[in-house]
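The structure appears below as structure tokens.
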Amino acid sequence: MSDLTITRVEAIPYAIPYRKPLRFASGEVRTADHVVVRVHTAGGLVGTAEAPPRPYTYGETQASITAVVRDLFGPAVTGTSVLDRAEHRARLHRTVGNPTAKAAVDMAVWDVIGQAVGQPVHRLLGGYADGLRVSHMLGFDTPGTMVAEAHRVRDDYGISVFKVKVGRRPYRLDVDVVRALREEFGEEIELYVDGNRGWTASESARALAEMADLGLTLAEELNPADDVLGRRWLVQQCPIPFVADESVPTPAQVTRELLAGSATAISIKTSRTGFSESERVLHLAEGLGVEVVLGNQIDGQIGTLCSVVFGAAHEATSRRAGELSNFLDMTDDLLAEPLQITDGRLLAPTVPGTGVVLDEDKLARYRQDA
Ligand code: MUC
Ligand code: MG
């Protein structure tokens with residue numbers, strides 16, 4: 001086997017505009033200003049992943065991710081073997097926070113391991129299904145525009161599961177959107193809502209009551225988890241699984257929120273917990289007997305590929321549709337072979353590693369540090 005000693009870790013900021021902004025209660029995204037992370041080894045294998053800055057969610061920026069990988073995380077793992085994952089975790093966890101930067105290093109390391117043993121990481125992690133059903137996220141707009149987008153996504157990609165962004169704006173508008181979608185598509189589509197902490201507990205309760213006849217399957221982060229008693233009060237009366245997303249970026253927070261009665265399901269995002277920490281979150285959720293959903297950090301194609309690698313590897317993350325379609329709104333992307341969603345599904349790669357192979361010309365065109 002080739003020498004798996006890590007020789008250096010690159011952090012490459014890039015920027016690719018979206019065709020249209022994605023708006024939600026906690027912020028909006030107009031440009032994918034992510035950071036490609038590449039782990040180089042002495043034997044010549046290179047692992048690749050990416051980190052999406054979400055300042056309104058984790059406090060990270062493109063500049064902070066680039067700096068923390070360059071100054072702390074890269075040096076922390078350089079000189080170790082890619083197989084020393086427990087040591088990597090111990091060293092990276094000496095720095096608090098920075099979840100997407102840590103996750104990208106972990107997934108790039110896994111990419112090398114897969115290449116080294118000639119196996120898809122999807123299989124090394126469990127290889128449960130060949131792919132996942134895809135859920136599409138509908139950002140804030142008028143009811144008519146959001147229904148039109150759902151039609152387009154359904155016609156072009158066969159997607160029939162939609163997560164509707166709600167919260168912050170007058171709740172009646174969000175209720176109108178969900179009602180319009182249900183009236184347009186009937187039972188042909190699955191619908192759930194994500195508030196990104198945008199409502200109060202009482203607004204959330206009122207909106208849930210008004211949407212009670214609309215067959216929602218999940219309610220995510222409708223109000224802030226830091227409104228501790230309000231959140232618990234809301235979750236107690238919520239008739240469908242209440243998903244914790246940005247309130248649970250670590251296994252400890254997963255435990256705290258679940259045991260406090262502040263959530264009844266967990267969103268797993270490889271962009272914030274990589275593969276290694278996502279396994280911990282998944283096993284924790286399974287041990288505590290709560291459902292999981294594979295979430296999206298508004299990932300590009302690199303991040304989406306990593307999501308499907310993990311999600312399709314496990315039974316629990318394969319039950320529901322995974323959020324895997326945000327990249328569709330980007331004007332371009334970095335993968336040499338663009339991802340294809342067909343009949344509402346995205347397949348996990350079958351090549352060794354995670355399957356992330358970059359188009360180097362595109363990386364040169366979009367990188368911000370040249
Ligand atoms: C989500 O599920 O909340 C929106 C903000 C973010 O950080 O992730 C997205 C999607
Ligand atoms: Mg969410």
Side-chain angles (χ1 to χ4, degrees), residues 18 20-35 50-62 64-65 97-101 103-104 134-141 146 161-169 174 190-199 204 216-226 231 234-235 238 240-250 253-254 257 262-273 278 281 285 291-300 303-304 306-307 311 317 320-330:
Y18 277 83
K20 63 179 182 64
L22 178 71
R23 298 197 184 86
F24 41 94
S26 57
E28 68 172 45
V29 170
R30 292 173 174 274
T31 301
D33 53 352
H34 302 175
V35 180
E50 75 171 350
R54 298 287 167 256
Y56 33 78
T57 312
Y58 309 119
E60 293 171 287
T61 66
Q62 188 181 49
S64 80
I65 292 169
N98 295 285
T100 73
V134 174
S135 163
H136 182 72
M137 204 180 284
L138 294 168
F140 285 175
D141 217 314
M146 291 169 75
V161 183
F162 296 95
K163 161 152 138 173
V164 184
K165 287 297 196 182
V166 299
R168 201 186 61 203
R169 58 191 196 160
D174 292 323
E190 177 184 337
L191 286 170
Y192 58 107
V193 291
D194 181 1
N196 288 114
R197 302 159 278 148
W199 283 328
S204 307
L216 294 176
T217 53
L218 300 167
E220 182 169 318
E221 297 280 12
L222 297 184
N223 72 325
D226 282 355
R231 170 64 86 91
L234 177 62
V235 171
C238 186
I240 50 180
F242 194 103
V243 183
D245 173 13
E246 54 265 51
S247 58
V248 292
T250 67
Q253 279 157 311
V254 170
E257 294 304 305
S262 301
T264 47
I266 297 296
S267 173
I268 297 181
K269 292 184 174 175
T270 50
S271 48
R272 71 169 166 238
T273 35
S278 291
V281 171
E291 290 185 51
V292 295
V293 58
L294 189 79
N296 193 310
Q297 206 69 70
I298 318 176
D299 297 300
T304 303
C306 289
S307 294
T317 40
R320 293 181 179 277
E323 296 164 8
L324 298 163
S325 64
N326 281 117
F327 72 85
L328 293 174
D329 285 331
M330 286 168 64

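Computed from heavy atoms alone, side chains included, the values below leave out hydrogens, waters and symmetry copies. All ligand and atom numbering here is 1-based and tracks the order in the structure.
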| Residue I298 vicinity, atoms of ligand 1 by number, heavy atom under 4.0 Å | 4 (C), 9 (C)
| request: Would you give the angle at the Mg ion (ligand 2) between E220 atom OE2 and D194 atom OD2, to the nearest 10°? | output: 90°
| field | K269 neighbourhood, listing ligand 1 atoms whose heavy-atom distance to it stays under 4.0 Å | value | 1 (C), 2 (O), 3 (O), 8 (O), 10 (C)
| Roughly how far, to the nearest 0.5 Å, is OG of S325 from CE of M137? | 7.5 Å
| said: Distance to the ring centre below 6.0 angstrom and angle to the axis at most 45 degrees; does that hold for R169 and F140? | reply: yes
| message | Show me which atoms of ligand 1 lie under 4.0 Å from any heavy atom of T57. | response | 6 (C), 7 (O)
| note | Check: of K165, R54, E28, R23, min heavy-atom distance to atom 1 (C) of ligand 1 comes from K165
| Between T100 and E60, does any side-chain donor sit less than 3.5 Å from a side-chain acceptor? | yes
| query | So, is D245 placed with an N/O/S atom under 2.8 Å from the Mg ion (ligand 2), counting both backbone and side chain? | reply | yes
| message | Under a 4.0 angstrom heavy-atom cut-off, which atoms of ligand 1 come close to D194? | response | 1 (C), 2 (O), 3 (O)
| note | If we number the atoms of ligand 1 from 1 as shown, the ones under 4.0 Å from a heavy atom of E220 are 2 (O)
| message | As a check for students: among R197, R272, M137, K163, identify the option with a heavy atom nearest to atom 2 (O) of ligand 1. | response | K163
| message | Below 3.5 Å, N or O to N or O, backbone or side chain included: is there any such pair between E323 and ligand 1? | response | no
| query | Against heavy atoms of Q297, which atoms of ligand 1 measure under 4.0 Å? | reply | 6 (C), 7 (O), 8 (O)
